[in-house]
Amino acid sequence: MKLFKYLLFIALFAGISVPLLTSCSNDDDEASPIEGYWYEIDERDNPVNYAMWVFKNGKYASVYTYKSYITKSELKECVDEAFRSNKVSNSSVYISDKGTYTLKGKKLKLAESTDGDVYYPYVSFQKSNSVMVWEDEDHDEEGRMYLQRYTEE
């Protein structure tokens with residue numbers, strides 16, 4: 001009888017403790033706030049510059065155009081093409097950058113795949129991660145970019 005109680009106690013202890021040890025952990029991969037599509041309409045340029053970036057799995061691509069009649073969803077299709085194949089079928093949209101990225105804290109490292117240039121803008125997120133602000137190391141207003149998170153139209 002003592003052996004039965006001992007084995008029952010061990011089984012009960014294992015049944016409770018094993019799920020507690022394996023069910024939850026803090027090291028689950030959380031999506032980076034930068035992952036996804038971002039666009040900018042830069043009215044400081046003349047003509048106005050329309051641009052879109054995509055950040056996925058440590059890689060990025062960006063495209064731009066000066067044509068105001070192109071919709072954000074068309075820009076998204078173009079940036080997806082650039083991300084996959086280094087080409088864009090729309091003749092008025094151009095690839096501006098493509099490469100890899102890492103985000104550590106507020107420092108974003110962009111390494112271009114074409115010429116190997118590396119840029120280190122500082123980024124911050126506003127309005128529940130729907131606005132991303134890029135700044136250079138001087139943090140001056142002139143070098144600041146505001147990118148909006150793209151959502152389906």
Non-hydrogen side-chain atoms of [X] and [Y] separated by less than 4.5 Å:
{"X": "Asp42", "Y": "Tyr50", "answer": "no"}
{"X": "Trp38", "Y": "Gln148", "answer": "no"}
{"X": "Val123", "Y": "Val133", "answer": "no"}
{"X": "Glu135", "Y": "Pro121", "answer": "no"}
{"X": "Thr100", "Y": "Ser113", "answer": "no"}

Quick one about Ser73 and Thr71 (side-chain donor to acceptor, distance below 3.5 Å, no hydrogens or angles considered), yes or no? yes

Going by distance alone, is a donor N or O of one side chain under 3.5 Å from an acceptor N or O of the other, for Tyr37 and Asp80? yes

Considering non-hydrogen atoms only, spot the tightest contact between [X] and [Y] and give its length.
{"X": "Tyr69", "Y": "Ser92", "answer": "OH-OG, 3.9 Å"}
{"X": "Val131", "Y": "Tyr146", "answer": "CG1-CD2, 4.4 Å"}
{"X": "Gly58", "Y": "Glu35", "answer": "N-OE2, 4.1 Å"}
{"X": "Val54", "Y": "Val79", "answer": "CG1-CG2, 3.8 Å"}
{"X": "Cys78", "Y": "Val63", "answer": "O-CG1, 4.1 Å"}

Taking atom [atom1] of [X] and atom [atom2] of [Y], what is their separation to the nearest 0.5 Å?
{"X": "Arg149", "Y": "Tyr39", "atom1": "CZ", "atom2": "OH", "result": "11.5 Å"}
{"X": "Leu110", "Y": "Asp97", "atom1": "CG", "atom2": "CG", "result": "7.5 Å"}
{"X": "Met132", "Y": "Glu40", "atom1": "CE", "atom2": "CD", "result": "10.0 Å"}
{"X": "Glu112", "Y": "Tyr119", "atom1": "CD", "atom2": "OH", "result": "4.5 Å"}
{"X": "Tyr150", "Y": "Leu75", "atom1": "OH", "atom2": "CG", "result": "9.0 Å"}
{"X": "Asn90", "Y": "Thr65", "atom1": "CG", "atom2": "OG1", "result": "7.0 Å"}

Out of the candidates Ile95, Asn49, Val93, only one should pair with Tyr64 under the side-chain contact (heavy atoms from CB on, under 4.5 Å) rule; please name it. Asn49

Can you list the steps and then say if Leu147 with Met145 is a side chain to side chain contact (heavy atoms under 4.5 Å, CB included)? CA-CA 6 Å; Leu147 286 75; Met145 289 191 328; 3.9 Å; yes

Answer with yes or no after comparing the ring centroid distance for Tyr101 and Phe55 against a 6.0 Å cut-off, counting only values under it. yes

What do you reckon, are the aromatic ring centroids of Tyr120 and Tyr122 less than 6.0 Å apart? no

Please determine whether the number of non-hydrogen atoms from other residues, nucleotides or ligands lying under 6.0 Å from atom CD of Glu43 exceeds 12. no

Answer yes or no: does atom NZ of Lys56 have more than 12 heavy-atom neighbours from other residues, nucleotides or ligands under 6.0 Å? yes

Parallel, tilted or perpendicular, judged at 30° and 60°: which one describes the rings of Trp134 and Trp53? tilted

Side-chain ([X]) to main-chain ([Y]) donor-acceptor, under 3.5 angstrom:
{"X": "Ser85", "Y": "Ala82", "result": "no"}
{"X": "Lys109", "Y": "Val118", "result": "no"}
{"X": "Lys87", "Y": "Glu81", "result": "no"}

